*Asks:* 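I'd like to ask some things about the structure below.
Just so you know, these numbers come straight off a predicted model, no measurement behind them. In what follows, chains are A, B, ... by sequence order, proteins preceding strands, each numbered from 1.
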Number of protein chains: 2
Amino acid sequence: MTKADDLTQALRDAGVRITRQRAALLTVIAGADDHPDAVELHRRASKDMPSLSLSTVYRTLTALEDQGVIQRHQFDGTPSRFEKAEDDHHDHMIDVDTGEVIEFCSDRIEQLQTELAAEIGYEIVHHRMELYVRKKDG
Amino acid sequence: MTKADDLTQALRDAGVRITRQRAALLTVIAGADDHPDAVELHRRASKDMPSLSLSTVYRTLTALEDQGVIQRHQFDGTPSRFEKAEDDHHDHMIDVDTGEVIEFCSDRIEQLQTELAAEIGYEIVHHRMELYVRKKDG
DNA sequence: ATGATTGCAAAAGGTTTGCATGGCA
DNA sequence: TGCCATGCAAACCTTTTGCAATCAT
């Protein structure tokens, strides 16, 4: 039972048709340990499915996001980038020199965010925290 | 001495030419207490400068951002929105139902962010924190 | 079978750019 | 005057969409 199989089953259960193109994309997404954009995902999935069109990639990504199977990130001005939804929430640091993405999380910050919103009568639907960073010299 | 005058002077000092279109835009930006996008700024500035072109607005906004006079925000999927740079840093909550933008800041969170980055050898160049929120019922 | 999904090509939306003209310092 | 900034139109990049053909269930 691979990770892609898990995802596939969950989708089938949700009534989503698993076409060959969606299966190919799911395999790529399940196997990715970075944060590729739609074009990159299309490039990777095309290895197994040369006829796969970019519009199908976009449509599928939207569907998978709606199903909560993947997450979409919109970093500073660049195209949307995707990763599979994990159980653990995390945020991102982006190395402004290299583009490298580092995942991190802070329960303390999340708690403070929740409190700040609550103070003015709001609850958080979702949030976005990105730290654009540079390696310290020395 | 209006706010726009202040901005104008700072720019002149930095060697930026103040054309009529830039002056018109600066007046609009200085007078805005919301977070308008480029098209909206063009609309407002056009009242005083009907010949102002949208490309000039975009070029000017980029220049002003480079000068640190304004800040660009890229909220969830929508066009970039701008506000004048203030002395005090702040972040944003966006009401997902109304689109209303609420400014807030938390020194404690900023401190935690700095610490988290430092722990892995990074320093923060800039950051972005957006809370997408909904009014609590009751 | 039949309704969802695909590929293609075209369109949309936001933003940038080449070029000749015009205007600030 | 010299060079920067402008307006226009066209290009760009990412993403979406209309349509007829195809496929999963």
*Asks:* Can you see if the side chain of A:Thr60 gets near the phosphate of C:dT5 - specifically, an N or O under 4.0 Å from OP1 or OP2?
*Replies:* no

*Asks:* Counting the benzene-type ring for Trp, do A:Phe75 and A:His92 have ring centres under 6.0 Å apart?
*Replies:* yes

*Asks:* So which heavy atom on B:Gly77 is nearest to which on A:Gln74, and how close?
*Replies:*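 Minimum heavy-atom separation between B:Gly77 and A:Gln74: N-NE2, 3.0 Å.
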
*Asks:* Would B:Glu123 and A:Lys136 pass as an ion pair if we require N to O under 4.0 Å?
*Replies:* no

*Asks:* Reckon B:Ser53 has a side-chain N or O less than 4.0 Å from the OP1 or OP2 of D:dT6?
*Replies:* no

*Asks:* State which residues pass ring pair (Phe, Tyr, Trp, His ring centres under 6.0 Å) with A:His42; sequence neighbours excluded, sorted by chain then number.
*Replies:* none

*Asks:* Holding to side-chain contact (heavy atoms from CB on, under 4.5 Å), I want the full list of residues that pass it with B:Asp48, two or more places apart in sequence or in another chain.
*Replies:* none

*Asks:* Considering only NZ, NE, NH1 and NH2 on the basic side and carboxylate oxygens on the acidic side, decide whether B:Glu83 and B:Arg81 come within less than 4.0 Å.
*Replies:* no

*Asks:* Working to the nearest 0.5 angstrom, can you tell me the gap between B:Met129 CE and B:Ser106 OG?
*Replies:*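 The OG atom of B:Ser106 is 6.5 Å from CE of B:Met129, to the nearest 0.5 Å.
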
*Asks:* What is the distance from CG of B:Leu25 to P of D:dG7, rounded to the nearest Å?
*Replies:*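 So the CG-P distance, B:Leu25 to D:dG7, works out to 11 Å.
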
*Asks:* Given atom CG of A:Asp76 and atom P of D:dT14, what is their separation to the nearest angstrom?
*Replies:* 15 Å

*Asks:* Mind calculating the distance between NE2 (A:His42) and C1' (D:dC13) to the nearest angstrom?
*Replies:* 16 Å

*Asks:* Counting primed atoms plus P, OP1 and OP2 as sugar-phosphate and everything else as base, spell out the protein contacts along nucleotides 9-19 of chain C at 4.0 Å heavy-atom distance: B, S or - for each nucleotide, 5' to 3'.
*Replies:* B----SBBBB-

*Asks:* Would you say the ring centroid of A:His126 lies under 6.0 angstrom from that of A:His89?
*Replies:*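 No, they do not, as the ring centres are separated by 6.0 Å or more.
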
*Asks:* So how far is it from A:Leu54 CG to A:Arg43 CZ, rounded to the nearest 0.5 Å?
*Replies:* 10.5 Å

*Asks:* Using whole Å, what does the distance between atom C1' of nucleotide D:dA5 and atom CG of B:Leu52 come to?
*Replies:* 12 Å

*Asks:* Rounded to whole angstroms, how far apart are CD on A:Glu65 and P on D:dT15?
*Replies:*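 A:Glu65 atom CD is separated from D:dT15 atom P by 11 Å.
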
*Asks:* Could A:Arg44 and A:Asp34 be called an ion pair, given the rule that one side-chain N must be under 4.0 Å from one carboxylate O?
*Replies:* yes

*Asks:* How many whole angstroms separate atom CG of B:Leu64 from atom P of D:dA5?
*Replies:*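 In whole Å, D:dA5 P and B:Leu64 CG are 11 Å from each other.
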
*Asks:* Could you tell me how far apart B:Arg22 (CZ) and C:dG23 (C1') are, to the nearest whole angstrom?
*Replies:* 12 Å

*Asks:* Can you check the B:Gln74 CD to D:dC13 P distance for me, whole Å?
*Replies:* 17 Å

*Asks:* At under 4.0 Å between heavy atoms, which parts of nucleotides 20-25 of chain D does protein reach? Answer with one letter per nucleotide, 5' to 3': B base, S sugar-phosphate only, - none.
*Replies:* ----BS

*Asks:* Can you run down the salt bridge (Lys or Arg N to Asp or Glu O under 4.0 Å) pairs that involve residues 91-112 of chain A, sequence neighbours left out, and say none if there aren't any?
*Replies:*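 Non-adjacent pairs meeting salt bridge (Lys or Arg N to Asp or Glu O under 4.0 Å): A:Asp97-A:Arg134.
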
*Asks:* In dot-bracket form, 5' to 3', how is DNA chain D paired? Count Watson-Crick and G-U wobble pairs only if both distances fall under 3.5 Å, and write | where the partner sits on another strand.
*Replies:* |||||||||||||||||||||||||

